[in-house]
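To start, the structure under review is shown below, and the notes come after it.
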2 protein chains.
Amino acid sequence: MKIDPDNPADLSAQIATAIRDAIVSGALIVGDRLPSEAELAEQFAVSRPTVREALKRLAAQSLIRTQRGAFGGAFINRLSYADAHAQQITTSTLLLGMNDTSFDTACEARFAMERACAMLAATRRGPDHLATMRAEITRQGQPGLTDESFCASDVAFHRALVDAAGNPVLSYQLAGAVEAMQPLMNMITFSARSRDAIIALHARIADATEGRDGPEIIAALEELERYTRQRAQSVFDARAARTDPA
Amino acid sequence: MKIDPDNPADLSAQIATAIRDAIVSGALIVGDRLPSEAELAEQFAVSRPTVREALKRLAAQSLIRTQRGAFGGAFINRLSYADAHAQQITTSTLLLGMNDTSFDTACEARFAMERACAMLAATRRGPDHLATMRAEITRQGQPGLTDESFCASDVAFHRALVDAAGNPVLSYQLAGAVEAMQPLMNMITFSARSRDAIIALHARIADATEGRDGPEIIAALEELERYTRQRAQSVFDARAARTDPA
DNA sequence: CGATTTTCATTTGTCAGACATTTAAAAGTC
DNA sequence: GACTTTTAAATGTCTGACAAATGAAAATCG
């Protein structure tokens, strides 16, 4: 674990990279304790604040956790699915928000991936997944629900479908795709009529999931994608006509 | 943008979260310049090193970039697909490596997602994608190729297939699933015969992509998943028999 | 002797002040 | 006007220090 002292730029970044590489390569494993900040400072021939900046970089990625006190220090963290989930959602949200990704592109990716869960969900769905889906459908039908709450419930419904696939890796990957779409979906105002159409499709998905009919889930998701993109298109068209009435 | 000064724990984490929230919510947009470290220190009523630790946390997630000199400072970074790609691969690799995720689970997720690209890839594939796929197939057939190189070429082949779908969001999401599998795949030794089987399936995928036959791509990928899992199983069985000859 | 309390060394969290380095704008010069 | 020099602002780094937490060891007490 060495750094290049001739490169006077970004010492803390170099140190962080060196330690990260040691973790990824397996030289440092979960639970291992890093040397104390003072010892690291001596090893890398830098000051303690510089070491600390490097450690904070790693902490930001949940690679280490720190503990104060005697026999405390920085420990290699087990990257949990929950941590990875959260990171993925933040990253995906920013990615969509900052790169003027078109609604269609995001929508296409999201439904393509969600359909990938359909067959597994049909096989492995349990009563809890079905219960969640039914509950969210009920909520979506309640009058007076704000658009934000409707979208949140929509996300919860689809998460239940994804989780029904019973594959944590798939759930983690899909989290970004499904949840990051929410800010984009929030830009769409859902009329009562379009809500009914969506709820009907959700019911169709829930029924198909209950009946373990994978192809039917896929068909319903395709229909939902088509409908969502059409709704978005009309919203965007209306907005364009309002701001640019030429 | 406020922090809780009564909570004396993790001031730098609080500051980082406050700024990150401002970015995610859109209060700070790409290109905006944060106040200088000295000004931030004054605003949050903390010292400059503490502010710096917070900024390094954000830099670790590629949320900001810093520039030295007059009129320098910390600027909100545009999160590029390339940055997100790299982060995703690191996170996914660590996730698989640290949570004793079974090979089957990872494999199932990876192929499920990859099949989600098949229809789009059949529609949108260009000559460059085909060329890459053919080139990698050729490389995979060369004698004397190490297992690591074979796996690397395998990843490149599948990346080409994913990229052929022509959806950057999908490419970003898939990067984690496909590339993070590589360390797991590297644990498998590929005999000449199993390489031939894989190459044959790759050729089948390339042919189907060329013929824009989405269902055939999916069928070939399913076959490949089956074969991969079978190979892995026999490798693990052999290993278990060697270490535990009871 | 056993249980409880106290002490203490270790380590992270934070602060203050300082200097080096980089950078671009502003001032000066020909 | 074009070029050079100066300068102010900002990050990068260092030194030294103190506060707070924490678990182990020592001391104390029943």
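No experiment lies behind these values; they were computed from the predicted model shown. Values below: all heavy atoms of this structure, side chains included; hydrogens, waters and symmetry mates excluded. Letters A, B, ... are given to chains in the order of the sequence lines, protein chains preceding strands, and every chain is numbered from 1.
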Has the side chain of A:His158 got a donor or acceptor atom that lies under 3.5 Å from a matching backbone atom of A:Val155?
no
Rounded to whole Å, please give me the gap between CD1 in B:Ile15 and P in C:dG13.
14 Å
Does a side-chain N-to-carboxylate-O contact under 4.0 Å join B:Arg110 and B:Glu225?
no
Quick one: does A:Arg68 reach the base of D:dT22 with a side-chain donor-acceptor pair under 3.5 Å?
no
Gap between atoms CD and C1', on A:Glu53 and C:dT12 respectively (whole Å)
15 Å
With a 4.0 Å cut-off on N to O distance, would you call A:Arg124 and B:Glu108 a salt bridge?
yes
Figure out the CD/P separation between B:Glu39 and D:dT11, and round it to whole Å.
9 Å
Would you mind reading off the distance between B:Asp10 atom CG and D:dA19 atom P, rounded to a whole angstrom?
20 Å
Compare the minimum distances between each of D:dT11, C:dC15, D:dT15 and the side chain of B:Ser36, then state the nucleotide with the smallest one.
D:dT11
For B:Arg33, report the nucleic acid contact type (base, sugar-phosphate, nothing); a contact means any heavy atom under 4.0 Å.
sugar-phosphate
Between B:Gly69 and A:Lys56, which has a closest nucleotide on DNA chain C that is more 5'?
A:Lys56
Quick check on D:dG12: is either OP1 or OP2 less than 4.0 Å from any side-chain nitrogen or oxygen of B:Arg52?
yes
A:Val46 side chain, from C-beta outward: closest of C:dG13, D:dT13, D:dC14:
D:dC14
Expressed in angstrom and rounded to an integer, what is the separation of B:Leu34 atom CG from D:dA9 atom C1'?
16 Å
Which pair of non-hydrogen atoms, one from A:Tyr172 and one from B:Ser92, has the smallest distance, and what is that distance?
OH-OG, 3.2 Å
5'-most contact on DNA chain D (nearest-nucleotide basis), B:Ala38 vs A:Gln67, goes to B:Ala38
Using whole Å, report how far CZ of A:Phe75 lies from P of D:dT22.
12 Å
Does any donor-acceptor pair link the side chain of A:Arg48 with the base of C:dG13 at a separation under 3.5 Å?
yes
Answer yes or no: does a side-chain N or O of B:Ser12 lie under 4.0 Å from OP1 or OP2 of C:dG13?
no
A:Glu42 CD to D:dT15 C1', in whole Å, measures 15 Å
Figure out the CZ/P separation between A:Arg65 and C:dT11, and round it to whole Å.
17 Å
Considering only C:dA25, C:dT14, D:dA8, which nucleotide approaches the side chain of B:Ala70 most closely?
D:dA8
Of B:Phe71 and A:Phe71, whose closest DNA chain D nucleotide lies nearer the 5' terminus?
B:Phe71
Does the side chain of B:Thr66 get closer than 4.0 angstrom to OP1 or OP2 of D:dG12 through an N or O atom?
yes
So with a 6.0 Å cut-off around CZ of B:Arg139, is the heavy-atom count from everything else above 12?
no
